[in-house]
Amino acid sequence: MPLRDFRLPEFDAPEVILPPGELEHETTIVNMGPQHPSTHGVLRLVLKLDGETVLRLVPVIGYLHRGKEKLAEQRTYTMIIPYTDRLDYLASMYMNLGYVRAVEQLLGIETPERGKYLRTAVAELQRLASHLLWLGSFALDLGATTVFLYTFREREIVVDLFEKLCGARLTYNYMRFGGVAADCPPGWVDEVRDYLDLQQARLAEYEAILTDNPVFRVRTEGIGIISAQEALNYGLSGPTLRGSGVAFDVRKADPYDAYGELDFNVITAQEGDCFARYRVRMDEMRESLNIVRQCLPRLQVPGEVSAKLPRVIKPPAGEAYARVEAPRGDFGVFVVSDGSASPVRLRFRSPSFANLSALDHMCRGMKLADVVAILGSIDIVLGEVDR
Amino acid sequence: MDRLMQYIELGWNFIAAHEVLRSLFAAVCVLVFMLGVVLVVIWMERKVSADIQSRIGPIRTGGPLGFVLQSLADALKLLLKEDLKPRGADCWPFYVAPYLVFLPAFMAYLILPFSATWIPQDIKVGILYYSAVSSVPVLGLAMAGWASNNKWSLLGGLRSAAQLVSYEIPLALAMLAAVILHGTLQTGAIVANQWQHWWLIIFTLPSLAIFLTAGMAEVSRTPFDLPEAESELVAGFNTEYSGMRFATFFLSEFSASFFISALAVTLFLGGWSLWGIDLWFAQHVLGWNTTAWDLANPATIPLLMKVFWFGVFVVKSFIVLWVLMWVKWTMPRLRIDQVLNFGWKVLLPIALLNLLFVSLVGLYVKRTNVEPIRLSLQQVAPVVVMQEAQRE
């Protein structure tokens with residue numbers, strides 16, 4: 001739709017009332033994306049600007065819609081796993097995991113001990129990879145190009161580890177009903193341990209270049225504030241919610257896999273601004289390192305990684321909902337089965353979509369440059385928003 | 001061979017004898033120098049950024065000559081690109097804008113003292129000339145932003161107008177500090193003064209910091225690269241430009257970066273001189289009679305020394321530019337209102353305080369009858385007033 005035909009009730013709402021004595025400004029409507037360099041994929045934002053101040057903002061989504069949920073109704077349960085890879089393509093493991101856990105509930109099967117720990121370790125490594133990519137692109141949005149290269153260097157190691165695990169570097173297709181597709185190759189655990197030590201040191205490096213950088217601080221502190229109550233009202237989750245001081249984490253609230261047996265903290269920050277979200281993610285990465293470290297001794301113990309299942313899976317009729325704490329928040333999968341080989345209905349609850357809905361609220365009254373910073377701090381993936 | 005030398009000398013004398021020809025010759029030399037330097041600067045920017053970001057940078061083109069050929073290849077590629085003009089663009093300003101940015105960038109080079117007596121145009125009001133010339137690119141950037149018929153370009157153009165105008169003042173105040181201390185607006189004389197009184201550098205260091213900060217904003221380098229902030233404004237004022245017109249913007253930006261470093265070296269870091277070490281070396285090691293040298297009379301100084309000084313000047317400028325590159329590749333970008341606030345509320349008061357400090361130093365130096373003050377402060381004051389008046 002061309003910009004001149006763009007009419008939304010939000011834009012016809014009364015203007016921000018200017019204090020008396022101020023000059024009346026003319027407003028402009030600007031189109032940001034879907035080919036804009038910092039809308040993280042194919043997000044389109046239509047902005048109503050007064051100079052560089054944002055009055056209204058409307059996200060236009062759907063450019064990456066592939067009809068995953070409808071497609072799933074035509075496929076068998078196993079065939080759907082690779083489709084979930086393409087939701088949040090920066091955290092495919094979690095997308096696999098969420099779906100697989102929902103079907104496991106339908107089937108009523110348990111994952112073997114080793115499978116559980118492998119899943120947990122892989123999931124936390126995925127969180128690290130995802131947060132690293134977020135950190136790089138967030139810094140890039142703020143104009144700090146160097147951090148991007150640093151974080152990609154470390155993310156590469158995680159991707160290599162995953163490649164050794166399942167052969168793929170982005171769309172892993174690794175989780176299976178009742179376990180994982182393959183056991184880790186020999187020596188993998190030691191490589192993970194080396195990586196953890198390296199990452200611990202490198203995290204301090206990122207902090208040195210960003211956390212105390214005055215320019216970084218003025219660009220993030222007090223920008224895009226959302227209070228705890230508002231965050232809950234918008235249905236935010238993940239670091240975006242915890243940055244507003246709500247200590248909600250699916251791993252604690254509804255423990256799955258090995259999380260119940262592990263010792264870790266839920267990271268929160270009180271301010272609710274971009275810097276708080278940044279701090280939450282930075283500390284979460286440290287926490288992830290801890291969790292993986294705790295999993296490693298258990299991975300030395302040999303055992304089965306997957307439950308035995310028939311080739312064609314026909315879960316009993318019924319419905320199930322499973323949720324996992326993905327890097328971007330609470331990822332939920334709802335499956336309805338009628339006893340046949342493919343689901344009647346599959347529905348994804350994507351955290352990015354809910355988080356994106358709060359963007360307008362966070363951006364009002366901010367400057368144009370802040371929109372980029374706020375969008376970066378929310379950390380959306382369009383594959384998951386549009387599905 | 002002798003015959004050839006004779007002809008060269010004859011030609012040289014002919015050029016030197018005619019003011020117009022001499023200026024033209026100097027201008028051509030400066031243009032060649034500037035283009036050559038830009039090629040190296042672009043390559044250096046890529047290499048330094050690669051170094052900081054643990055990459056390798058460009059290695060394929062040109063082999064050992066890559067530092068020139070890489071950028072040359074890039075420029076050639078841009079030359080062959082189609083010169084697009086968006087529908088609805090304001091034709092005339094759109095085509096003129098790049099050259100309006102490029103021309104002042106080139107004109108500024110004319111006052112640089114490249115070596116003792118190697119000054120393309122040794123104008124008596126060199127610094128004043130620079131501050132006049134440096135305000136012209138704003139027009140070009142605003143024109144480019146306006147004429148592109150693109151809202152992002154317009155935002156970029158307006159941003160650059162606001163930013164460049166704001167930072168000209170601290171920049172001028174920092175330059176003024178050097179002017180007051182050395183008692184002249186002539187760039188050549190400022191360097192000669194620093195050559196003789198190397199210790200004055202201690203008092204110019206704060207001015208140097210202010211000058212470089214404001215200078216980074218003047219040439220729009222991170223953290224002040226707002227006009228073309230690619231993560232916000234796509235590419236700012238040059239979004240719609242392609243081919244050689246884009247290359248012209250690019251060229252002016254990099255030549256301006258080098259110029260800012262070169263001017264910083266000229267005003268605060270002793271220009272082409274090595275603060276007297278060069279003199280000591282020439283006297284004691286080479287056994288030259290340096291006391292007979294007279295800057296007013298070029299024939300008294302050996303050519304070798306002048307070439308050496310030229311090298312010193314270029315190396316110093318590159319070192320300053322290198323430092324600017326560190327800043328560029330480690331800092332995030334400020335927001336436009338923060339940039340303006342910083343300029344007016346932080347940098348300007350600091351620059352004024354610094355000016356006061358330098359004036360007191362200048363007064364003291366004059367009281368104790370140390371040589372450096374050539375013009376008395378009373379003579380400088382009207383110039384200050386003039387400059388301020390011109391600004392308003």
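Throughout, protein chains are lettered first and strands after them, A, B, ... in sequence-line order, and every chain is numbered starting at 1.
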(request) Spell out, as yes or no, whether a donor-acceptor pair under 3.5 Å connects the side chain of B:Q53 to the backbone of A:Y150. (result) no
(message) Donor-acceptor pair, distance only, cut-off 3.5 Å: does the side chain of B:W152 make one with the backbone of A:M32?
(response)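 Checked: no pair found.
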(request) Could you tell me which non-hydrogen atom of A:R219 sits nearest to which non-hydrogen atom of B:R333, and how far apart they are? (result) NH1-O, 2.8 Å
(request) Of all the heavy-atom pairs spanning B:R55 and A:L149, show the shortest one and how long it is. (result) CD-CD1, 3.5 Å
(request) Flag yes if more than 12 heavy atoms outside B:W329 fall under 6.0 Å of its CH2 atom; otherwise flag no. (result) yes
(request) Verify the neighbour count for atom CG of B:L80: are there more than 12 heavy atoms of other residues, nucleotides or ligands below 6.0 Å? (result) yes
(message) I'd like to know which of A:N213, A:L210, A:V147, A:V371 tops the heavy-atom pair count under 4.5 Å against chain B.
(response) A:N213
(request) Determine the sole option in A:L142, A:I223, A:V215, A:L368 for which the side-chain contact (heavy atoms from CB on, under 4.5 Å) test with B:R335 is passed. (result)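 By the side-chain contact (heavy atoms from CB on, under 4.5 Å) criterion, B:R335 pairs with just one of A:L142, A:I223, A:V215, A:L368: A:I223.
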